[in-house]
Structures are given as structure tokens and as C-alpha cells.
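Naming: A, B, ... by sequence-line order, numbering from 1 per chain. Note that the coordinates shown come from a computational prediction; the quantities given were computed from them, not determined experimentally. Computation of the quantities below employed the complete heavy-atom set of this structure, encompassing side-chain atoms and omitting hydrogens, waters and symmetry-equivalent molecules.
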Amino acid sequence: MTTVALKPATMAQALTRAMRDAMAADPTVHVMGEDVGTLGGVFRVTDGLAKEFGEDRCTDTPLAEAGILGAAVGMAMYGLRPVVEMQFDAFAYPAFEQLISHVSRMRNRTRGAMPLPITVRVPYGGGIGGVEHHSDSSEAYYMATPGLHVVTPATVADAYGLLRAAIASDDPVVFLEPKRLYWSKDSWNPDEPSAVEPIGRAVVRRPGRSATLITYGPSLPVCLEAARAAEAEGWDLEVVDLRSLVPFDDETVCASVRRTGRALVVHESGGFGGPGGEIAARVTERCFHHLEAPVLRVAGFDIPYPPPMLERHHLPGVDRVLDAVGRLQWEAER
Amino acid sequence: MTVMEQRGAYRPTPPPAWQPRTDPAPLLPDAAPYRVLGTEAAAQADPGLLRRLYAQLVRGRRYNAQATALTKQGRLAVYPSSVGQEACEVAAALVLEDRDWLFPSYRDTLAVVARGVDPVQALTLLRGDWHTGYNPREHRVAPLCTPLATQLPHAVGLAHAARLKGDDVVALAMVGDGGTSEGDFHEALNFAAVWQAPVVFLVQNNGFAISVPLAKQTAAPSLAHKAVGYGMPGRLVDGNDAVAMYDVLSEAVRHARAGGGPTLVEAVTYRVEAHTNADDDKRYRADSEVAAWREHDPIDLLEQELTARGLLDEDGIRAARDDAEALAADLRARMNQDPVLDPMDLFAQVYAEPTPQLREQRAQLRAELEAEAEGSH
């Protein structure tokens, strides 16, 4: 048995490596967006791609998100695989019409004659002290649009595997990158990157018996830490990382909830009309007779994303998760 | 003192790196729309081209009439007529090579048909049996686009991609006067100019965006003037003059194909009929205005030229009308057949592989259909 020396790498590096490998393997892969070329992106995620593959393959575009995504639609129509960077979550909103009216439905509208293999990379979420419009969690908007895949990595290895899968997908993928995990490190060997995961499978990050925490992206580390802390109180928590919000992996999630009998959804986007409502409903519909308590949600408040000096009060942290876990000791009121 | 000099007086001196890119004069459109028919230049026009344009205009007019009739019979949910605009529609299709791409807007069914798409397939969006009835790759015609101006950046991206691949493909994108107010119009023109993409933007200025007249749409001297700000030439042309349309568009296509970049063409025309059957155009314009434009009819203008040059006689006119009548009869016959729809198509091609959720829903619908069939026995 050979042991591979795993080197610590950041999520940002894994994402860069995924794009680089995809571009090297397939000449139709084109990276485009504002600042992605010479600068290498404001988060440096596209660092070095323009130098290695030329500015025709990694293109600094004019500053116009609808134009960037709209042009990507035409490029995909002609056989390219555009990988579009939206720079920040809230900057993607001008491109919504292109995403919803065209990107998501071109395959369906043309009965399969014109699939659009576009990857839309959106750095999202808070926790980095960004000013207004730099910390939104917009996943519910994307999830509500049929025709889009919506994925978000929470680990370095998944960042690589999921982005390769997204770029290889013949369908449009909204690839949500948790900004506050860009610099998170993990033991990952960039010289032998892990196999590409198929889109649509959740994974159990921590097995447990007392309750299931269902989470994704930036909230995964919070849930894992909460699970460690909960041990002291006798809770053995299972943590499921969804990875893919669309398609949704009912099978993995519900198998876990049937084992534990209790479920808590954790995400930092707002709770009202948020992903947690959909997930709680799905779990309830499928696991009602296994549930010992109502499915609970720990989410961000239903407020516009707060200024950075207050964001720690908004973002679901370990204490808020533990508090909700306590409430899973639910007994029916008589 | 020019406007630029005045602005310089209250603006900080630009750093040395900033330089005006071009003298805007060559980019500016003519003061009046370019015309050929009725001028001496018309004598130079190729007789073969004139005849081809004429045949297509007559077909187009008949197609418009037939589609409108089908709307009244309930065969089409809606039909945005292009009566009066046939010269723009026909020229847009005829100037393109097979390998080029057309990006139509919802009113441009005629251009789509003139490009070779089956007339029934071109109408499925408006009939309601599917969104796009034709395979866009087969004729290099993008789906008819309902949101305004959103297809323009697609044309830019496609033309850009073709050039990256080394193909000399041109994209021609059509939009109305109202569409020029949309953000996507701006972004598309800007991208095209920065990338020097081989795109021709054709604005059919037909006077109204449903009911809103051009004067409430823009304060620009003309829509063609907008080109200058992006750094591309703007051309103003009489949209009812089929020969002028063909000349200007084919020159723009040649320019794009030769690597000269995009052109914005504004065709000054008029929507003689209402926006759609749901519109009451008497609320926003006078009959006299419509009547005046009917006097400047694209078919009459070309017919006069052909007749004057001895290229068309009664027999020729009859032959063109017979051909158009055959098109209409075929369209009528086929549109009067009820389309056979498969409800399971609802789940076709939402994704390459249906999600588990869609597989469940598909099974549910199948069960409902089976129960329905069972019940009807």
C-alpha cells in the first residue's frame, strides 16, 4: 500500500486547480468575468489561468453581469463551455433575467437541441466582513428555478470534484462558493485530485445516532463543531452535507433522519422562504412516522444582510445550533 | 466651442493614458434614412435581386394575413403582425449565408420563415404547442425571443465564439425600438464593440412599443446614433425600401465578416397593424397616420420600380401572388389540424438526466393519464 503525502491546500486553490484541469482537458472550456484575467479574480480563484491558457480562454469582460452571462449563452450555443464568475453574490442579480429566462430553459425550450453547458460561479455568503451587497446567500432564488443545478462545496476536496463535475455537466450549474471557506485548509493532494463526484449526492460527514443536522456550504464547519460540543451533553449528532441543493438527495437525507428520528436544518440564508422550509417539508413528508420531534430550522434572520460589525449576531453559530438541538427533546403538549 | 470642449472646462484634465479612440464622424448615421427605390441609384440594382425580394415580400404579406386570420379562428394564441415591415424581415434573412445565425425577436416570424424554417414550426410558440418548433441548429436560427433584447448578448457570444474557433460566421440580431431601452441592448452593443464581434444589430423602429411612441422611448437624435457611443458605425435606413435594407444589411454583414466588427442598423418603418390581436391601436394613434404609412408600402415601392424597369408585368405579379397563395393554403391546412401533444413531454429535456424529483413527478403524471384512459373506457 502506497501512502500519498497529503498537502494542506485551500478551497480557493482547489477551485483554481479544477478550472485549470478542465481547461487543459477540454479546449472548449472558457473562463470569463470581471477581473478574472490579469488580476486572477478578486479572490484570486482564477489566478494564472489567463497566463497559462491565454486571454481568449480566460477573458476579462466589460463590467456587466447580464452581458457576461448573455454572451456565455451565445458561446455555449456555438459549442463552448463557459465558466462564468459573478465576483460577489449580490452582483449576480443583474444577470438574473438571463439566468431565469434563458440559461435555465434553453434545453427545454428547444427540446434538447440546445443544451447550455454553462457553469455560473457565485462567491456567496457572509462571515468575511464584507460591506453591503457582498454577503448575500441567494441559493433559494436559484433553487426555485427549474433547469438549473445548484451545488455548493464545503470541503477542499469537494470544491475540486464538484467544480469539475459542474464544468463537465451538459446542463447549467450555479456553483455557489462559500467565501468564508475560500481560505479553509484541508489535507488534499493537488497532484492527485480526488475523483469527480456526480452532482446530486449528499454525504454523511459525521455519523451519529441522536439527531441529524442537515446543512451545506459555509454552515458545515459550524455544524461539525456543534456536533463535537454536543457530545458533552450526551448528543451523538449525525451531520449531512447536502453538497447539491438541486437535485436534492432525498435518499441520503431521509435515510439519516429515519435512523436518528430528529432533524435540524442549518443554513445562513433567511429562514422564511428559504431552503430550510423546503427541506423540512420534504423530510416531514417522507419520515413523519420516524420523527420524534418537529423538523427544526436554524437560519439567518429574515433581514437584509446586516452590516459587517453586526453579522456575527445574524449568522447561525454553534450556540444557536446547540440551543435548537436541545429543543429537539420535544414532547407533545397536551 | 464644441460640447467636448465645454465639458473639459469643468472636468479635471484626464490623465495622459486617456485618449479619444476615434473621430466619431465616420460612425455617425446619415442625416436622413438611406433610400434606393425612387432614386437614380435604383437603376443600378440587380434585377435578379429585385425579383427575389419581390417574391419574398409578397409571400410575407400573405403569411402575415394568414397568421392573423388563424388568430381570429383561435388557432393561434396571439400573432404580432409585421405588415408594413416585410422589407426588414425579408432583407434580414436574405443577406445571411447558410453558416450565419439569425437571432429573431417575437415579431420576426417572417424572417424566420424567409430563412427556410417550416412556416408551421415557426408558429409553435404562438400556437402554444411548444416554445420552439424548429431545431435552431438546422437553419441557424435562434429561438424566437419574447423577453426584450435579451437575445442580443447571445448573438454577440455566438459570433465571438465562432471567431475564436476561426469560423467566418456572422450573427444578425433583431430588436424593436422599445428594446433599445433595455439594459441588455446596451450590454450587448458594448460587448460586441469591445470584442469587435461579427454582429449586425438590426433595430426595426416601427414607431411604437405597444402604445408608447418613439418620442417617449428615447431622446437620441435617432436610434442609429446610439452606435457612436459604443464605437461602432450606425446606419439609418428606410425600412420600407427592400433594396436599401438589403444594401445596408449586406454591407454590415460584409464588414463584420471581414473583421470590421459590429454595426447598428436602424430601419425606419411602421407597424401598420395593432401590436397583437389583444391591442387597440386606436387608443394611441390616428387613422390618418396609419393611412399615410400605407401609402409608403414596401411592396408597392418595389413593384413600382420593377414595373418601371420592365422587370414585372401582370403575369409576374400573378405568379408571385399564386406562389404566396399556395404558401397560405398549405399553412392554413396544416394549422387547422389539431396538434398531437404528448403530456409526458412536460418532463422532456428539463435536464439531460431527470432529477429524482422529476422522475417522481413524471410517474405521477403517467399514473394520472393511465387512470384517465381507464376511466374513458
Side-chain angles (χ1 to χ4, degrees), chain A residues 27-28 30 32 56-57 59-80 82 94-95 97-98 100-102 104-118 146-149 169-172 198-200 244 246-251 282, chain B residues 101 103 125 130-138 142-147 149-165 167 169 171 173 182-184 186-195 197 199 345-360:
Chain A
T28 66
H30 284 243
M32 57 198 281
D56 281 347
R57 299 276 309 278
T59 308
D60 276 333
T61 64
L63 202 173
E65 289 76 13
I68 294 168
L69 190 52
V73 169
M75 290 165 71
M77 282 178 167
Y78 205 79
L80 301 185
E97 185 180 16
Q98 284 293 338
I100 277 113
S101 292
H102 294 295
S104 65
R105 56 177 96 188
M106 191 66 82
R107 170 190 285 280
N108 184 251
R109 166 186 295 149
T110 62
R111 291 180 184 264
M114 273 195 162
L116 294 179
I118 299 173
L148 301 177
H149 290 299
S169 169
D170 286 335
D171 286 320
I199 288 176
S244 167
V246 181
F248 189 83
D249 187 354
D250 290 300
E251 203 180 303
R282 302 188 77 80
Chain B
W101 276 77
F103 285 79
L125 172 77
W130 200 254
H131 302 309
T132 302
Y134 52 90
N135 180 339
R137 299 193 181 284
E138 198 180 328
L144 288 159
C145 189
T146 316
T150 52
Q151 79 280 19
L152 305 183
H154 304 171
V156 177
L158 181 134
H160 176 63
R163 211 177 54 151
L164 288 176
K165 285 191 172 184
D167 301 340
V169 165
E182 294 279 1
D184 280 50
H186 158 66
E187 298 193 17
L189 267 67
N190 189 51
F191 268 66
V194 170
W195 284 352
V199 187
D345 274 358
L346 289 174
F347 299 100
Q349 304 291 353
V350 180
Y351 298 96
E353 290 293 326
T355 61
Q357 291 73 32
L358 283 182
R359 279 199 294 270
E360 277 178 26

_Contact class of B:Y134 relative to chain A, heavy atoms under 4.5 angstrom_ = neither
*Taking all heavy atoms of A:N108 and all of B:A348, pick out the closest pair and write down the distance.*
ND2-O, 2.9 Å
*Any idea which heavy atoms bring B:R137 and A:A113 closest together, and the distance?*
NE-O, 3.1 Å
*Taking all heavy atoms of B:C145 and all of A:H102, pick out the closest pair and write down the distance.*
SG-CE1, 3.5 Å
*asked:* Side chains of A:R111 and B:Q349: any donor to acceptor distance under 3.5 Å?
replied: no
*Distance only, no hydrogens: is a donor on one side chain within 3.5 Å (strictly under) of an acceptor on the other, for A:Q98 and B:H154?*
yes
*chain A contact via B:A352 - side chain, backbone, both or neither, heavy atoms under 4.5 Å*: both
*Which answer fits B:A155, side chain, backbone, both or neither, if we ask what part of it has an atom under 4.5 Å from a heavy atom of chain A?*
neither
_Please find the pair of heavy atoms, one from B:P153 and one from A:G67, that lie closest to each other, and give the distance._
CB-O, 4.4 Å
*Looking at residues at least two apart in the chain, or sitting in another chain, which of them share a ring-ring contact (aromatic ring centres under 6.0 Å, His included) with B:W195?*
B:H160, B:F191
_Tell me if the CD atom of B:E353 is crowded by more than 12 foreign heavy atoms within 6.0 Å._
no
*Between chain A and each of B:L358, B:V156, B:V194, B:D184, count heavy-atom pairs under 4.5 Å; write down the option with the most.*
B:D184
*How long is the span from the CG atom in A:D171 to the OG1 atom in B:T355, to the nearest 0.5 Å?*
10.5 Å
*A:F248: what forms a ring-ring contact (aromatic ring centres under 6.0 Å, His included) with it, not counting sequence neighbours?*
none
*So, for B:G157 and A:M75, which heavy atoms are closest and what is the spacing to 0.1 Å?*
O-CG, 3.2 Å
*How many angstroms lie between atom CH2 of B:W130 and atom OG1 of A:T110, to the nearest 0.5 angstrom?*
10.0 Å
_So which atom in B:Y351 and which in A:L148 form the shortest heavy-atom distance, rounded to 0.1 Å?_
OH-O, 2.9 Å
_Contacting region of B:E360 [heavy-atom separation from chain A under 4.5 Å]_ = side chain
*Just give me the residue among A:H149, A:R105, A:H30 that pairs up with chain B most often, heavy atom to heavy atom, under 4.5 Å.*
A:H149
